[in-house]
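Notes to accompany the following structure.
Protein chains get the first letters and strands the later ones, always in sequence-line order, with residue 1 at the start of each. These numbers come from a predicted model, not from an experiment.
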2 protein chains.
Amino acid sequence: MPKARAEAVQKTRIQARSEEAILDAALTVFSTYGYRGATVDQIAAEAGMSKPNLLYYFRRKEDIYVTLLERTLEDWLEPLKALDPDGEPAEELTRYITTKLEMSRDNPAASRLFANEILHGAPMIGDFLKGPLRRLVDDKAAVIRQWSELGRITAIDPYHLIFAIWATTQHYADFEVQVRAVTGKKMSSPPRAIRCSPS
Amino acid sequence: MPKARAEAVQKTRIQARSEEAILDAALTVFSTYGYRGATVDQIAAEAGMSKPNLLYYFRRKEDIYVTLLERTLEDWLEPLKALDPDGEPAEELTRYITTKLEMSRDNPAASRLFANEILHGAPMIGDFLKGPLRRLVDDKAAVIRQWSELGRITAIDPYHLIFAIWATTQHYADFEVQVRAVTGKKMSSPPRAIRCSPS
DNA sequence: TCCGCTCTTGACCATTTGATCAAGAATTAT
DNA sequence: ATAATTCTTGATCAAATGGTCAAGAGCGGA
């Protein structure tokens, strides 16, 4: 057993490479089949190693999953964090929406990974949702409400606005097969951001 | 083995009751744990019968799942079918959005069942998406485009409008735990429909 | 070079789980 | 009533799957 994991000492080149390969493979497999549907064998095969070898780096299937989620959670919140209270509302919201849409387009697997986790009741990241995520959303909702009260944007419930943005942007990643089936092809042009006209 | 299944003869009272109980239980279990995550034992327990007894009515786990999906698919499309080309656009769209929202609120389990199926690539209802669903959407998209061209509503891509409606309405069912975690409680008031101002 | 540590894997184990079967209980038709 | 049919379940099976182990291969520092 490598010291690295237990004592957080420096990692071997091989360790770094293997863990990366495993997490890459895990993202592909978990996002496609869900936590329960994915098998360790599948992930190992996708990562190009034997199952015992994979389990040498991550003792349990759950460890891979949790590590994967944690690794991506922070990135996922970055765009919302960047919403600037002192910026121009329309500009800020447009940038947020655009960034989210690009992330869904460029990394649909990550989007589906989260979608699946939440759809199943967020058994692993429930605390994260109720803690850090909630605080962040409360914070940014206050910003949007402020904008509303100052008449800089249409009066709108900030939480529902955020939900609407999440829903629409992630839809193209999470329900890609449906979008593809209905349109007959992969969406080339992302939808224009929903425009909020002054009330 | 009952003749009913093979020969589509009239069903026994017991058959009807049992199948109903199974499908009810299956909706609960499948929508919570997904197809792979749900076990036949769980469904049988939830339906109040033994596993072999359940398998007497549905030979395979997959049969329960498919039957369940088929049973709900039609209902799910009803609101979109009702979109009337000759009606008042704002009224028609509002009614459609409201109905979808109510369905998500009243039957979140069904919403999650579909979400899970599609998230995982629609292995069972792929043909339905590419066939009946696509035709219906094409049809109604044409209606919306017509409204656009006549200047009765803002110029907007009909497909993306439909996707936006699907995404936002289902969001409250599919991602309920997230909504709950962020707002700290169950949403009491559904969001107001997105208003499209004339361009 | 040589020794210790890391890495890798075939074989194996225990549990879960979808599915079967035979035998008995309940129901229905005559 | 009684025979035929339908319904129900305990016991059981085979496959899949998460996880272990021991033994060997590979690598790096002295």
Are A/Arg105 and A/Glu176 within salt-bridge range, i.e. N to O under 4.0 Å? no
Kindly write out the residues that satisfy salt bridge (Lys or Arg N to Asp or Glu O under 4.0 Å) with A/Glu88, not counting sequence neighbours, or none if the list is empty. A/Arg152
Using C1' atoms of five pairs at each end, report the bend of the helix from C/dT1-D/dA30 to C/dT30-D/dA1 rounded to 10 degrees. 10°
Should B/Tyr56 be listed as having a side-chain N or O under 4.0 Å from OP1 or OP2 of D/dT8? no
Separation of C/dA19 C1' from B/Ile64 CD1 (nearest whole Å): 12 Å
C/dC7 phosphate, OP1 or OP2, under 4.0 Å from A/Asn53 side-chain N/O: no
How long is the line joining CZ of B/Phe58 and C1' of C/dT20, in whole Å? 19 Å
What residues form a side-chain hydrogen bond (donor to acceptor under 3.5 Å, both in side chains) with A/Glu46, not counting sequence neighbours? none
Can you pull out every ring pair (Phe, Tyr, Trp, His ring centres under 6.0 Å) where at least one residue sits in residues 105-127 of chain B? Sequence neighbours excluded, please. B/Trp76-B/Phe114
Sequence neighbours excluded - side chain to side chain donor-acceptor pair (under 3.5 Å) pairs with any residue from residues 131-143 of chain A: A/Asp138-A/Tyr159
D/dC7 phosphate, OP1 or OP2: any side-chain N/O from B/Gln15 under 4.0 angstrom? yes
Return each pair, listed once, that meets ring pair (Phe, Tyr, Trp, His ring centres under 6.0 Å) where at least one residue sits in residues 122-142 of chain B; pairs must be two or more places apart or across chains. none
Ring pair (Phe, Tyr, Trp, His ring centres under 6.0 Å) partners of residues 20-47 of chain A, not counting sequence neighbours, each pair once: A/Phe30-A/Tyr35, A/Phe30-A/Tyr65, A/Tyr35-A/Tyr65
Pairs touching residues 117-127 of chain B that satisfy salt bridge (Lys or Arg N to Asp or Glu O under 4.0 Å), sequence neighbours left out: none
Any chance you could pull the hydrophobic cluster mates of B/Leu119, using side-chain heavy atoms under 4.5 angstrom and chaining through other members? A/Leu119
For nucleotides 21-30 of chain D, tabulate all protein N/O to nucleotide N/O atom pairs closer than 3.5 Å, reporting atom names and distance.
residue	atom	partner	partner atom	Å
D/dG28	OP1	A/Arg13	NH2	3.3

Results of side-chain hydrogen bond (donor to acceptor under 3.5 Å, both in side chains) for A/Tyr96 - residues two or more places apart only: A/Trp166
In residues 26-51 of chain B, which ones come under 4.0 Å of DNA chain C, going by heavy atoms? B/Ala38, B/Thr39, B/Val40, B/Lys51
